[in-house]
Amino acid sequence: DGGITQSPKYLFRKEGQNVTLSCEQNLNHDAMYWYRQDPGQGLRLIYYSQIVNDFQKGDIAEGYSVSREKKESFPLTVTSAQKNPTAFYLCASSKGPGPTDTQYFGPGTRLTVL
Amino acid sequence: AQTVTQSQPEMSVQEAETVTLSCTYDTSESDYYLFWYKQPPSRQMILVIRQEAYKQQNATENRFSVNFQKAAKSFSLKISDSQLGDAAMYFCAYRSPSSGNTPLVFGKGTRLSVIA
(Lines give C-alpha, C1' and ligand atoms only; values in the text may rest on other atoms or scores of the structure.)
Protein backbone atom coordinates (compact mmCIF):
# COMPACT_ATOMS: atom_id res chain seq x y z
CA ASP A 1 0.00 0.00 0.00
CA GLY A 2 1.32 3.44 -0.89
CA GLY A 3 0.99 6.12 1.70
CA ILE A 4 2.38 8.19 4.50
CA THR A 5 2.95 6.82 7.97
CA GLN A 6 3.56 8.78 11.14
CA SER A 7 4.64 7.38 14.45
CA PRO A 8 3.89 7.34 17.24
CA LYS A 9 0.19 8.22 17.18
CA TYR A 10 0.39 9.66 20.71
CA LEU A 11 3.54 11.02 22.36
CA PHE A 12 4.10 12.37 25.82
CA ARG A 13 7.07 14.49 26.71
CA LYS A 14 8.39 15.92 29.91
CA GLU A 15 9.41 19.53 30.03
CA GLY A 16 13.00 19.98 28.86
CA GLN A 17 13.14 16.85 26.73
CA ASN A 18 13.66 16.64 23.01
CA VAL A 19 11.40 14.27 21.10
CA THR A 20 11.42 13.10 17.49
CA LEU A 21 8.33 12.47 15.40
CA SER A 22 8.67 10.04 12.53
CA CYS A 23 7.28 10.52 9.01
CA GLU A 24 7.81 8.01 6.21
CA GLN A 25 6.33 7.89 2.71
CA ASN A 26 6.53 5.28 -0.04
CA LEU A 27 4.86 7.40 -2.71
CA ASN A 28 8.17 8.37 -4.32
CA HIS A 29 7.35 12.01 -3.63
CA ASP A 30 10.09 14.61 -3.78
CA ALA A 31 8.66 17.09 -1.29
CA MET A 32 7.71 16.62 2.33
CA TYR A 33 6.17 18.98 4.88
CA TRP A 34 5.48 19.33 8.57
CA TYR A 35 2.44 21.21 9.85
CA ARG A 36 1.28 21.99 13.32
CA GLN A 37 -2.44 22.13 14.15
CA ASP A 38 -3.85 23.93 17.17
CA PRO A 39 -7.53 24.45 17.95
CA GLY A 40 -8.90 27.43 16.04
CA GLN A 41 -5.58 28.00 14.25
CA GLY A 42 -5.83 25.78 11.22
CA LEU A 43 -2.58 24.27 9.97
CA ARG A 44 0.68 26.16 10.18
CA LEU A 45 3.83 25.20 8.35
CA ILE A 46 6.89 24.27 10.42
CA TYR A 47 9.42 23.04 7.83
CA TYR A 48 9.41 21.67 4.32
CA SER A 49 11.87 19.88 2.10
CA GLN A 50 11.89 19.87 -1.68
CA ILE A 51 14.74 17.40 -2.15
CA VAL A 52 17.04 15.20 -0.10
CA ASN A 53 19.54 17.08 2.10
CA ASP A 54 17.68 20.34 1.68
CA PHE A 55 14.91 21.94 3.73
CA GLN A 56 13.43 25.36 4.42
CA LYS A 57 11.86 26.99 7.44
CA GLY A 58 8.16 27.59 7.49
CA ASP A 59 6.18 30.13 9.46
CA ILE A 60 6.78 28.65 12.93
CA ALA A 61 10.17 26.88 12.77
CA GLU A 62 11.54 28.14 16.09
CA GLY A 63 12.11 25.29 18.52
CA TYR A 64 11.96 22.61 15.83
CA SER A 65 14.56 20.87 13.69
CA VAL A 66 14.38 18.44 10.76
CA SER A 67 16.59 16.30 8.58
CA ARG A 68 16.12 14.82 5.11
CA GLU A 69 18.77 12.17 4.64
CA LYS A 70 16.52 9.88 2.61
CA LYS A 71 13.78 10.66 0.13
CA GLU A 72 11.32 8.55 2.09
CA SER A 73 11.90 10.02 5.54
CA PHE A 74 11.49 13.47 7.09
CA PRO A 75 11.71 13.29 10.91
CA LEU A 76 10.79 16.29 13.05
CA THR A 77 12.52 16.97 16.37
CA VAL A 78 10.71 19.09 18.91
CA THR A 79 13.38 20.63 21.08
CA SER A 80 13.22 22.00 24.60
CA ALA A 81 13.36 25.46 23.04
CA GLN A 82 9.80 25.08 21.77
CA LYS A 83 7.79 26.87 24.47
CA ASN A 84 4.38 25.37 23.81
CA PRO A 85 4.79 22.09 21.93
CA THR A 86 1.48 20.47 22.86
CA ALA A 87 -0.32 20.14 19.53
CA PHE A 88 -1.30 17.82 16.70
CA TYR A 89 1.45 17.37 14.10
CA LEU A 90 0.76 16.45 10.50
CA CYS A 91 3.26 15.32 7.90
CA ALA A 92 2.51 15.62 4.20
CA SER A 93 4.17 14.93 0.87
CA SER A 94 3.71 15.90 -2.76
CA LYS A 95 5.22 14.82 -6.05
CA GLY A 96 5.99 18.28 -7.43
CA PRO A 97 4.65 21.34 -9.21
CA GLY A 98 2.12 21.09 -11.97
CA PRO A 99 -1.31 19.49 -12.21
CA THR A 100 -0.36 16.63 -9.90
CA ASP A 101 0.98 18.73 -7.05
CA THR A 102 -1.56 17.59 -4.49
CA GLN A 103 -0.34 17.24 -0.91
CA TYR A 104 -1.23 13.99 0.80
CA PHE A 105 -1.26 13.77 4.57
CA GLY A 106 -0.31 11.21 7.15
CA PRO A 107 -2.56 10.32 10.09
CA GLY A 108 -0.82 12.68 12.51
CA THR A 109 0.91 12.56 15.90
CA ARG A 110 -0.61 14.06 19.03
CA LEU A 111 2.16 15.45 21.26
CA THR A 112 1.43 16.31 24.88
CA VAL A 113 3.88 17.93 27.26
CA LEU A 114 3.45 16.81 30.83
CA ALA B 1 2.38 36.63 1.33
CA GLN B 2 -0.81 34.85 0.48
CA THR B 3 -3.58 34.59 3.06
CA VAL B 4 -6.70 32.44 3.19
CA THR B 5 -9.79 33.42 5.15
CA GLN B 6 -12.68 31.21 6.17
CA SER B 7 -15.24 33.49 7.78
CA GLN B 8 -17.55 30.78 9.12
CA PRO B 9 -16.04 28.95 12.13
CA GLU B 10 -19.07 26.67 12.34
CA MET B 11 -21.90 25.65 10.04
CA SER B 12 -24.72 23.15 10.26
CA VAL B 13 -26.90 21.48 7.67
CA GLN B 14 -29.82 19.09 7.69
CA GLU B 15 -29.18 15.68 6.20
CA ALA B 16 -29.95 15.62 2.45
CA GLU B 17 -29.83 19.42 2.21
CA THR B 18 -27.20 21.61 0.54
CA VAL B 19 -24.63 23.75 2.31
CA THR B 20 -22.02 26.21 1.07
CA LEU B 21 -18.77 26.92 2.87
CA SER B 22 -17.02 30.20 2.13
CA CYS B 23 -13.37 30.89 1.44
CA THR B 24 -11.60 34.02 0.27
CA TYR B 25 -7.91 34.50 -0.40
CA ASP B 26 -5.47 37.26 -1.06
CA THR B 27 -2.75 36.95 -3.70
CA SER B 28 -0.97 38.96 -6.34
CA GLU B 29 -0.30 35.91 -8.49
CA SER B 30 -2.34 35.18 -11.59
CA ASP B 31 -1.89 31.42 -11.56
CA TYR B 32 -2.27 29.20 -8.52
CA TYR B 33 -4.07 26.19 -7.11
CA LEU B 34 -6.90 26.06 -4.60
CA PHE B 35 -7.95 23.11 -2.49
CA TRP B 36 -10.59 22.00 -0.06
CA TYR B 37 -9.54 19.43 2.53
CA LYS B 38 -11.80 17.55 4.92
CA GLN B 39 -10.69 16.50 8.41
CA PRO B 40 -13.14 14.09 10.04
CA PRO B 41 -12.95 13.17 13.74
CA SER B 42 -10.17 10.69 12.92
CA ARG B 43 -8.10 13.80 12.06
CA GLN B 44 -6.89 12.34 8.77
CA MET B 45 -6.75 15.13 6.19
CA ILE B 46 -8.53 14.13 3.00
CA LEU B 47 -8.46 16.05 -0.26
CA VAL B 48 -12.00 16.89 -1.35
CA ILE B 49 -11.55 18.95 -4.47
CA ARG B 50 -8.96 20.98 -6.36
CA GLN B 51 -9.21 23.96 -8.69
CA GLU B 52 -6.57 25.38 -11.01
CA ALA B 53 -6.88 29.15 -11.32
CA TYR B 54 -6.34 29.13 -15.10
CA LYS B 55 -9.41 26.94 -15.55
CA GLN B 56 -12.67 28.87 -15.74
CA GLN B 57 -14.80 25.79 -15.28
CA ASN B 58 -15.70 25.05 -11.69
CA ALA B 59 -14.40 21.74 -10.37
CA THR B 60 -16.86 19.03 -9.37
CA GLU B 61 -16.37 15.75 -7.51
CA ASN B 62 -19.62 13.84 -7.04
CA ARG B 63 -21.65 15.76 -4.42
CA PHE B 64 -18.93 18.38 -3.96
CA SER B 65 -18.55 21.37 -6.23
CA VAL B 66 -16.89 24.75 -6.05
CA ASN B 67 -17.87 28.25 -7.06
CA PHE B 68 -14.59 29.83 -8.14
CA GLN B 69 -14.76 33.59 -8.64
CA LYS B 70 -11.24 34.63 -9.63
CA ALA B 71 -11.87 38.36 -9.77
CA ALA B 72 -13.46 38.31 -6.34
CA LYS B 73 -10.80 35.89 -5.03
CA SER B 74 -13.51 33.63 -3.72
CA PHE B 75 -13.55 29.82 -3.63
CA SER B 76 -16.65 28.41 -1.95
CA LEU B 77 -17.45 24.72 -1.50
CA LYS B 78 -20.96 23.42 -2.08
CA ILE B 79 -21.97 20.08 -0.60
CA SER B 80 -25.17 18.67 -2.05
CA ASP B 81 -27.34 15.95 -0.50
CA SER B 82 -25.41 16.23 2.77
CA GLN B 83 -24.70 13.00 4.58
CA LEU B 84 -23.83 12.26 8.19
CA GLY B 85 -20.33 11.30 7.05
CA ASP B 86 -19.78 14.82 5.77
CA ALA B 87 -19.53 16.10 9.33
CA ALA B 88 -15.95 17.32 9.70
CA MET B 89 -13.63 20.30 9.71
CA TYR B 90 -13.18 21.73 6.24
CA PHE B 91 -10.06 23.64 5.31
CA CYS B 92 -9.54 25.84 2.29
CA ALA B 93 -5.95 26.03 1.06
CA TYR B 94 -3.89 27.96 -1.49
CA ARG B 95 -0.77 26.87 -3.29
CA SER B 96 1.57 28.92 -5.45
CA PRO B 97 2.75 27.34 -8.70
CA SER B 98 6.21 28.87 -8.47
CA SER B 99 9.12 26.65 -9.41
CA GLY B 100 9.80 23.76 -7.12
CA ASN B 101 7.47 22.44 -4.48
CA THR B 102 5.70 25.05 -2.42
CA PRO B 103 3.69 24.54 0.75
CA LEU B 104 -0.02 25.03 1.23
CA VAL B 105 -1.41 28.08 2.98
CA PHE B 106 -4.46 27.09 5.00
CA GLY B 107 -7.47 28.92 6.33
CA LYS B 108 -8.51 28.34 9.92
CA GLY B 109 -11.27 25.94 8.98
CA THR B 110 -15.03 25.58 9.21
CA ARG B 111 -16.58 22.94 11.42
CA LEU B 112 -19.58 21.39 9.65
CA SER B 113 -22.25 19.57 11.60
CA VAL B 114 -24.85 17.41 9.85
CA ILE B 115 -28.20 17.07 11.59
CA ALA B 116 -30.15 13.86 11.08
Side-chain angles (χ1 to χ4, degrees), chain A residues 3-6 9-10 23 25 27 29-52 54-61 66 68 71 74 87-111, chain B residues 1-10 21-25 29 31-55 57 59 61 64 88-112:
Chain A
I4 304 172
T5 57
Q6 290 186 242
K9 186 173 182 179
Y10 298 98
C23 178
Q25 54 97 2
L27 300 168
H29 284 175
D30 292 316
M32 297 186 74
Y33 313 81
W34 275 105
Y35 294 92
R36 169 175 170 149
Q37 186 177 18
D38 296 282
Q41 291 288 329
L43 278 70
R44 294 181 291 168
L45 181 68
I46 305 172
Y47 268 98
Y48 67 103
S49 168
Q50 298 183 5
I51 56 173
V52 174
D54 185 49
F55 46 83
Q56 288 79 40
K57 292 182 179 179
D59 301 322
I60 55 167
V66 294
R68 187 86 187 274
K71 187 176 184 178
F74 191 41
F88 188 65
Y89 291 86
L90 284 159
C91 178
S93 70
S94 64
K95 181 61 178 175
T100 59
D101 62 356
T102 299
Q103 286 191 18
Y104 297 93
F105 286 81
T109 293
R110 173 70 183 177
L111 173 64
Chain B
Q2 295 84 15
T3 59
V4 177
T5 302
Q6 293 179 250
S7 59
Q8 307 152 314
E10 295 183 359
L21 309 183
S22 300
C23 173
T24 59
Y25 56 93
E29 297 175 314
D31 193 21
Y32 44 85
Y33 300 97
L34 296 166
F35 304 83
W36 278 99
Y37 279 89
K38 170 184 177 181
Q39 188 180 44
S42 68
R43 307 201 75 172
Q44 173 74 55
M45 293 285 282
I46 303 165
L47 177 68
V48 175
I49 200 164
R50 176 178 67 198
Q51 175 80 41
E52 289 86 358
Y54 62 85
K55 291 185 178 179
Q57 186 174 6
E61 289 287 343
F64 298 87
M89 283 290 291
Y90 286 83
F91 293 96
C92 178
Y94 173 102
R95 188 173 191 187
S96 169
S98 56
S99 61
N101 288 290
T102 53
L104 289 164
V105 177
F106 284 89
K108 293 187 176 182
T110 296
R111 182 175 301 281
L112 178 66

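From a predicted model like this one, the values you see are computed outputs, not experimental measurements. Below, chain A is the first sequence line, B the second, and so on; all start at residue 1.
A ring-centre distance under 6.0 Å is not found for A:Phe55 and A:Phe74.
Using a 4.5 Å cut-off between heavy atoms, B:Gln6 makes no contact with chain A at all. The contact between B:Leu104 and chain A is made by backbone and side chain atoms together, counting heavy-atom distances below 4.5 Å. Within the 4.5 angstrom heavy-atom criterion, only side-chain atoms of A:Arg110, from C-beta onward, approach chain B. Contact of A:Leu43 with chain B is made through backbone and side chain together, with heavy-atom distances under 4.5 Å.
The only option from A:Gln25, A:Gln50, A:Gln103 that meets the side chain to side chain contact (heavy atoms under 4.5 Å, CB included) definition with A:Met32 turns out to be A:Gln25.
A perpendicular orientation is assigned to the rings of B:Phe91 and B:Phe106, their planes being inclined by more than 60° (bins at 30° and 60°).
A heavy-atom distance below 4.5 Å is not found between the side chains of B:Arg95 and B:Pro103.
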